[in-house]
Amino acid sequence: MTLTDTHCHLDYNKFDPDRADVIQRANDSGLIRMLVPGLHHRSSREAVQLAESNPSVYAAVGFHPTDLGEFSEGTFQEVKELASHPKVVAIGEIGIDYYWVKDDDKRAIQREILKQQLAFAKEMDKPVIIHMREEKDAWFGDASVDLLTILEEWKNGLQGTLAERPGVLHSFNGTLETAQKALALNFYIGVTGPVTYKNAEEKRNIIKQLPITKLLIETDSPFLSPVPVRGKRNEPVFVHHIADKIAEIHSKSPAEIASITTANAARLFAWGD
Ligand SMILES: [Zn+2]
């Protein structure tokens with residue numbers, strides 16, 4: 001079985017004691033690739049360093065919407081330089097977060113910096129990893145509306161293969177309608193641990209209606225541990241539990257889901273078969 005974890009924060013200090021073992025465990029269980037996204041310039045640099053020293057690790061670079069206190073001309077320049085590294089396959093994670101940021105002016109800054117990073121992704125011809133969170137964790141609201149408006153405008157200006165693989169809505173927590181709008185823009189949908197939670201019937205129902213050729217599986221380690229390891233530190237090897245759940249939802253075998261989502265990730269991030 002070959003699997004891919006397209007979103008794991010292996011740079012977090014929670015992995016300091018055993019990072020090499022975490023990566024080894026993942027490799028031993030069939031994970032051929034792991035993607036570490038950046039949150040700001042420092043974590044982007046760490047993601048690139050991890051990718052340099054581990055053959056199965058790849059990196060993305062960018063500024064997370066709740067880390068914009070780190071954003072400046074200088075730090076953006078640093079991220080731009082990191083983006084030309086051969087193992088940087090995407091710009092991210094970038095996006096909109098109205099859960100932690102309530103102030104209108106600060107939300108406007110998020111949208112402005114998102115647009116700047118999208119323009120940079122276009123320039124680099126790399127897809128984007130999008131974070132989106134609504135106020136009070138609703139499934140639909142201003143964050144979905146604002147994000148789709150910005151992504152649509154950006155996507156319409158893309159040419160060549162990037163228009164076919166513009167990015168992923170990571171750890172998707174929106175409505176079916178939002179997912180369908182994103183799919184119409186050729187975006188992929190990232191599925192994380194909460195799909196395994198007992199009370200997540202509605203989420204599973206949405207996933208069931210999405211084409212498996214557009215799904216990615218991601219742990220978002222060290223967060224969002226899936227059942228049956230909920231409460232423990234999450235790590236890439238647990239991506240198996242998410243694959244198993246999607247297999248159940250789509251009536252496929254876990255091996256089929258593993259190979260389909262691995263192929264999906266390879267198409268999006270263009271890192272080989
Ligand atoms: Zn993340």
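Keep in mind that the numbers below use all heavy atoms, side chains included, and drop hydrogens, waters and symmetry copies.
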Pair Lys245 + Glu248: basic N to acidic O under 4.0 Å: yes
Over all atoms of both residues, closest heavy-atom pair of Arg233 and Phe238: O-CE1, 3.4 Å
Min side-chain heavy-atom separation Pro211-Leu183 under 4.5 Å: yes
Hphob cluster co-occupancy, Val168 + Met124, side-chain heavy atoms under 4.5 angstrom: no
Phe76 and Phe71 aromatic ring geometry - parallel, tilted or perpendicular at 30°/60° bounds: tilted
Distance-only donor-acceptor check, side chains His240 and Ser29, under 3.5 Å: yes
Salt-bridge contact Asp137-Arg133 (side-chain N to carboxylate O under 4.0 Å): yes
Joint hydrophobic cluster, Ile242 plus Phe172, side-chain heavy atoms closer than 4.5 Å: yes
Cluster overlap Leu216 with Val36, hydrophobic side-chain contacts below 4.5 Å: no
CA sep, side-chain torsions, deciding dist, call: Asp18, Arg25, side-chain contact (heavy atoms from CB on, under 4.5 Å): CA-CA 11 Å; Asp18 61 346; Arg25 267 200 291 282; 3.6 Å; yes
Side chains of Thr75 and His40 in contact at under 4.5 Å (non-hydrogen atoms): no
Sub-4.5 Å side-chain heavy-atom contact between Ile23 and Met34: yes
Student check: side-chain heavy atoms of Ser44 and Val88 closer than 4.5 Å: no
Residues Asp125 and Lys122 bridged, charged N to O under 4.0 Å: no
Neighbour count >12 (heavy atoms, 6.0 Å) for atom NZ, Lys136: no
Parallel, tilted or perpendicular, as decided by the 30° and 60° cut-offs, for the rings of Tyr12 and Phe223: perpendicular
Test: Glu70 and Arg42 ion pair at under 4.0 Å: yes
Over 12 foreign heavy atoms within 6.0 Å of NZ, Lys14: no
Criterion side-chain contact (heavy atoms from CB on, under 4.5 Å) on Glu46 and Leu10, from CA distance to verdict: CA-CA 9 Å; Glu46 283 167 15; Leu10 292 178; over 6 Å; no
Point-to-point distance, once rounded to the nearest 0.5 Å, from CG of Asn156 to CG of Leu185: 7.0 Å
Heavy-atom pair with the smallest gap, counting every atom of Lys214 and Asn186: NZ-O, 3.1 Å
Side-chain donor/acceptor of Ser225 to backbone N/O of Lys232, under 3.5 Å: yes
salt_bridge(Arg204, Glu201) N-O dist < 4.0 Å: yes
Heavy-atom check, side chain of Gln117 versus side chain of Ile113, under 4.5 Å: yes
Nearest atoms (heavy-atom pairs only) where Ala182 meets Leu148: N-CD2, 4.2 Å
Cation over ring face, Lys106 and Trp100, 6.0 Å, 45°: no
No-hydrogen, no-angle side-chain donor-acceptor test under 3.5 Å, Thr175 and Thr178: yes
Test item: Arg107 side-chain N/O and Tyr98 main-chain N/O as donor-acceptor pair under 3.5 Å: yes
Side chain proximity check, Thr4 to Phe269, heavy atoms < 4.5 angstrom: no
Nearest heavy atoms of Pro166 and Glu164, plus distance in Å: CD-C, 3.5 Å
Distance, nearest 0.5 Å, that separates CG of Leu118 from CZ of Arg111: 13.5 Å
Atom pair CG (Leu147) and CG (Leu169), whose distance is rounded to the nearest 0.5 Å: 6.5 Å
For Lys126, salt bridge (Lys or Arg N to Asp or Glu O under 4.0 Å) partners two or more places apart: none
Close side-chain approach of Leu39 to Phe63, heavy-atom, < 4.5 Å: no
Distance-only polar pair, side chains of Gln116 and Glu112, donor-acceptor under 3.5 Å: yes
Aromatic ring pairing His7/His9, orientation class (parallel under 30°, perpendicular over 60°, tilted between): perpendicular
Approximate separation, where rounding is to 0.5 Å, of Ile260 CD1 and Ile212 CD1: 3.5 Å
Flag if over 12 foreign heavy atoms under 6.0 Å of CD, Glu52: yes
Pair Asn27-Ser56, side-chain donor/acceptor within less than 3.5 Å: yes
Taking every non-hydrogen atom, the tightest pair across His241 and Thr196: O-CG2, 3.9 Å
Donor-acceptor contact present, side-chain Gln209 to main-chain Asn205, <3.5 Å: yes
Modelled atom types, side-chain donor and acceptor of Asp5 and Thr219, under 3.5 Å: yes
Other residues, nucleotides, ligands: >12 heavy atoms within 6.0 Å of Gln159 CD: no
Spacing of Thr261 atom OG1 and Ile217 atom CD1 [to the nearest 0.5 Å]: 3.5 Å
Side chain proximity check, Ser221 to Phe15, heavy atoms < 4.5 angstrom: yes
Criterion side-chain contact (heavy atoms from CB on, under 4.5 Å) on Phe140 and Val145, from CA distance to verdict: CA-CA 8 Å; Phe140 186 77; Val145 174; 3.8 Å; yes
Heavy atoms of other groups near Glu202 CD, more than 12 under 6.0 Å: no
Heavy-atom pair with the smallest gap, counting every atom of Pro194 and Ala200: O-CB, 3.3 Å
Short side-chain to backbone donor-acceptor contact, Glu218 and Thr6, under 3.5 Å: no
CG on Asn264 to CD1 on Ile189, rounded to 0.5 Å: 11.5 Å
Transitive ILVMFWY side-chain link Met1 to Ile32, under 4.5 Å: no
Val191 with Leu176, same ILVMFWY side-chain cluster at under 4.5 Å: yes
Glu135/Asp142 under side-chain contact (heavy atoms from CB on, under 4.5 Å): CA gap, chis, key distance, verdict: CA-CA 8 Å; Glu135 191 164 335; Asp142 290 347; over 6 Å; no
Flag, side chain of Thr262 to backbone of Thr2, donor-acceptor distance under 3.5 Å: yes
Distance-only donor-acceptor check, side chains His250 and Glu256, under 3.5 Å: no
